**Student:** 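I have a structure I would like to understand better, so I am pasting it below and will then ask my questions one at a time.
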Amino acid sequence: MTTLNNEQRFNIITRNLEEIIGEDDLRYMLDSGAPINHYIGFEISGKPHIGQALIVMQKVKDLMDAGVNVNFLLADLHTYLNGKLNGDMKLIAEVRDGYFTEIIKASIMMLGGEPEKLNFIKGGEYYAAHPDYWTTFLEISKNTTLARIERSISIMGRTDGESQDFGTLCYPPMQAADIFAMKINIVQGGIDQRKIHVVMRDVAKYIKTNAPEFNGKFLKPVAIHTPLLPALDAPAVWPLPEGCDMKQMQIDMKMSKSKPGGAIYIDDEPEKIKKTIMKGFCAEKEIEYNPILEWVKMIVFDRDGKEITIVRPEQYGGNISFKDYEDLKKKFADGLVHPIDVKNFLADYLINLFAPAREHFAKSPYREMKARTEEILESVKKKR
RNA sequence: GGAAAGGUGGCCGAGUGGUUAAUGGCAGCAGACUGUAAAUCUGCCCUCUCUGAGUUCGUAGGUUCGAAUCCUGCCCUUUCCA
């Protein structure tokens, strides 16, 4: 159904990635005509923030464009294990089936995709219907070490050194088992998921039940990792000290929902979006550590690949255009564009981009769904 | 199973019978200053029908005129031993 050739499909699948593990395997899949089943798992943590709704979903849209079957694992049991929503299965199920699913659909719609083509899998239901999932889980557990599992625990947004219960340790092997059991050959995640995906690829050859293969040939699932959208906060120290590790800095910038003011959601009111962007750290002429510019790169240039024009009053120099991100960066460094110019542009761009989602959630019954979820999140917060 | 230490407001962390709604720091909010943010300064920062009242220091009781501070049970966390 796709009219693209394999090279084009490869390019669109791999564009704007932070990393791909198993590039050759992906080429083989495309060339051999193997059915390409994708999956991405979402914990039912509450509201998916802009990083998920935009960066992650844009990649999903790319995959759909490339003719890949996309699957969403609504990871309810993983959510339970990670203690989100108080580990209350009833609440998790309610949010899973309502608001959460709806947000994902709205995201893909907003990006120009077709929500009807998304396939949702409820974790708990799937496991109940596929008992051999647990055999695969055991095979994975048998073929990896406790130390590796402990290291991959950071996928759960935790840092090392925290005490773990055994259930928490079951999370990573379950995640790997999801992939094999569901016959997935492209797994998508943020770059923070790389450790468990590496474990998954390493143990792949030991899996007997649900062994990954095509036409009798062993085929390792490919992992594709999208970059993380940085938080808009100021760095811990500013100006940055000489020779600090920018790579580490970027990882630390990962958007955190624990910062109430820092997160943007696609169903936010325009005023909130504007306010949040305006509060973002953005030093004049600074191009090394500049989350606002980073957002423009990832959200605007990487997605659209088009020239942009920033509209501004004559007194500040009038309208100005940029043919690509490098152009913007250069002119920003030269002081030809002011932070406010960029912020205004970004805020307007997001407000406009999110309009379909915002309008969707302004209508009944979605409005009530959203309100109910916010109520749940509020009550969960209080209990903790 | 045994021993020790400890649980204080979103987080960190003082406070060990009485001007303690509870020092301080961080985060957050508002304002000043900058064409944004950051930095700096100022105010707010448990709740309310708010120049007063109510409820707080894991939890349930107790002692006392009066406790976050003393005693007892329970819950939980951490560390050491087994």
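Residue numbering restarts at 1 for every chain, and letters A, B, ... go by the order of the sequence lines. The model shown is predicted, which means the values in this text are computed figures rather than measured ones.
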**Student:** Would you please name every residue forming a ring pair (Phe, Tyr, Trp, His ring centres under 6.0 Å) with A:F361, sequence neighbours left out?
**Tutor:** A:Y99
**Student:** Taking the P atom of each, how far is B:rC50 from B:rG17, in whole Å?
**Tutor:** 38 Å
**Student:** When the C1' atoms of B:rG66 and B:rG73 are compared, how many Å lie between them, rounded to an integer?
**Tutor:**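 Those two atoms are separated by 24 Å.
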**Student:** Quick one: A:N290 CG to B:rU36 C1', roughly how many Å, whole number?
**Tutor:** 11 Å
**Student:** So that I can tick it off, tell me whether A:R372 and A:E94 are bridged by a salt bridge, with the cut-off set at under 4.0 angstrom between side-chain N and carboxylate O.
**Tutor:** yes
**Student:** Given the C1' atoms of B:rG54 and B:rG6, what is the spacing between them in whole Å?
**Tutor:** 31 Å
**Student:** Roughly how many Å is it from CE in A:M278 to P in B:rG35, rounded to a whole number?
**Tutor:**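 Rounded to the whole Å, the gap is 14 Å.
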**Student:** Please state how far atom CG in A:N344 lies from atom P in B:rG35, giving the value in whole angstrom units.
**Tutor:** 16 Å
**Student:** If the condition is ring pair (Phe, Tyr, Trp, His ring centres under 6.0 Å), which residues does A:Y127 pass it with, not counting sequence neighbours?
**Tutor:**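 Per chain and number, A:Y127 pairs via ring pair (Phe, Tyr, Trp, His ring centres under 6.0 Å) with A:Y133, A:W134.
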**Student:** With salt bridge (charged side-chain N to carboxylate O under 4.0 Å, His left out) as the test, would you mind laying out the steps for A:R96 and A:D76 before giving the verdict?
**Tutor:** CA-CA 7 Å; A:R96 175 195 66 197; A:D76 42 19; 2.5 Å; yes
**Student:** When rounded to the nearest Å, what value does the distance between P atoms of B:rC46 and B:rC11 take?
**Tutor:**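 B:rC46 and B:rC11 have their P atoms separated by 14 Å.
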**Student:** In this structure, how many angstroms lie between the C1' atom of B:rA38 and the CG atom of A:D233, rounded?
**Tutor:** 11 Å
**Student:** Rounding to a whole Å, what distance do you find between A:L232:CG and B:rU36:P?
**Tutor:**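 Distance check: A:L232 CG to B:rU36 P gives 17 Å.
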**Student:** By side-chain hydrogen bond (donor to acceptor under 3.5 Å, both in side chains), which residues pair with A:D132, not counting sequence neighbours?
**Tutor:**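 In terms of side-chain hydrogen bond (donor to acceptor under 3.5 Å, both in side chains), with neighbours along the sequence ignored, A:D132 is linked to no residue.
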**Student:** For nucleotides B:rU47 and B:rU23, find the distance between their P atoms and express it as a whole number of Å.
**Tutor:**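 Looking at atom P only, B:rU47 and B:rU23 are 15 Å apart.
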**Student:** Taking only residues two or more places apart in sequence or in another chain, which ones pass side chain to side chain contact (heavy atoms under 4.5 Å, CB included) with A:E213?
**Tutor:** none
**Student:** Looking only at atom P, what distance separates B:rG13 and B:rG25, rounded to whole Å?
**Tutor:** 16 Å
**Student:** Students often get this wrong, so: under 4.0 angstrom with heavy atoms, is A:K275 touching a base, only sugar-phosphate, or nothing?
**Tutor:**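 Sugar-phosphate contact only - A:K275 comes under 4.0 Å of backbone atoms but never of a base.
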**Student:** Do any side-chain nitrogens or oxygens of A:K279 fall under 4.0 Å of OP1 or OP2 in B:rG28?
**Tutor:** no
**Student:** For A:Y366, which residues count as a ring pair (Phe, Tyr, Trp, His ring centres under 6.0 Å) partner, sequence neighbours excluded?
**Tutor:** A:H360
**Student:** What is the distance, rounded to the nearest whole Å, between atom CG of A:L293 and atom P of B:rU36?
**Tutor:** 17 Å
**Student:** Say we look at B:rU36 and B:rC45: how far apart would their P atoms be, to the nearest angstrom?
**Tutor:**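 So the two P atoms sit 28 Å from each other.
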**Student:** Once ring pair (Phe, Tyr, Trp, His ring centres under 6.0 Å) is applied, do any residues pair with A:H38, and if so which ones, sequence neighbours excluded?
**Tutor:**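 Per chain and number, A:H38 pairs via ring pair (Phe, Tyr, Trp, His ring centres under 6.0 Å) with no residue.
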**Student:** Using the C1' atom on both, measure B:rU56 against B:rA4 and round to a whole Å.
**Tutor:**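 So the two C1' atoms sit 30 Å from each other.
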**Student:** For RNA chain B, produce a single dot-bracket line, 5' to 3'. Pairs: Watson-Crick or G-U wobble, both distances under 3.5 Å. Symbols: ( ) within strand, [ ] crossing, | other strand, . unpaired.
**Tutor:** ((((((((.[[[..)..(.....]]].(((((.......))))).(((...)))...[[[[[..)....]]]]]))))))).
**Student:** Taking only residues two or more places apart in sequence, or in another chain, which ones meet A:P35 in a side chain to side chain contact (heavy atoms under 4.5 Å, CB included)?
**Tutor:**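 For A:P35 the side chain to side chain contact (heavy atoms under 4.5 Å, CB included) partners, ignoring immediate neighbours, are A:F214.
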**Student:** Regarding A:Q175 and A:Q193, do their side chains bring together a donor and an acceptor under 3.5 Å, going by distance alone?
**Tutor:** yes
**Student:** Of the residues in residues 313-343 of chain A, which ones touch RNA chain B at a heavy-atom distance under 4.0 Å?
**Tutor:**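 Only A:Y316, A:H338, A:P339, A:I340, A:D341, A:K343 qualify.
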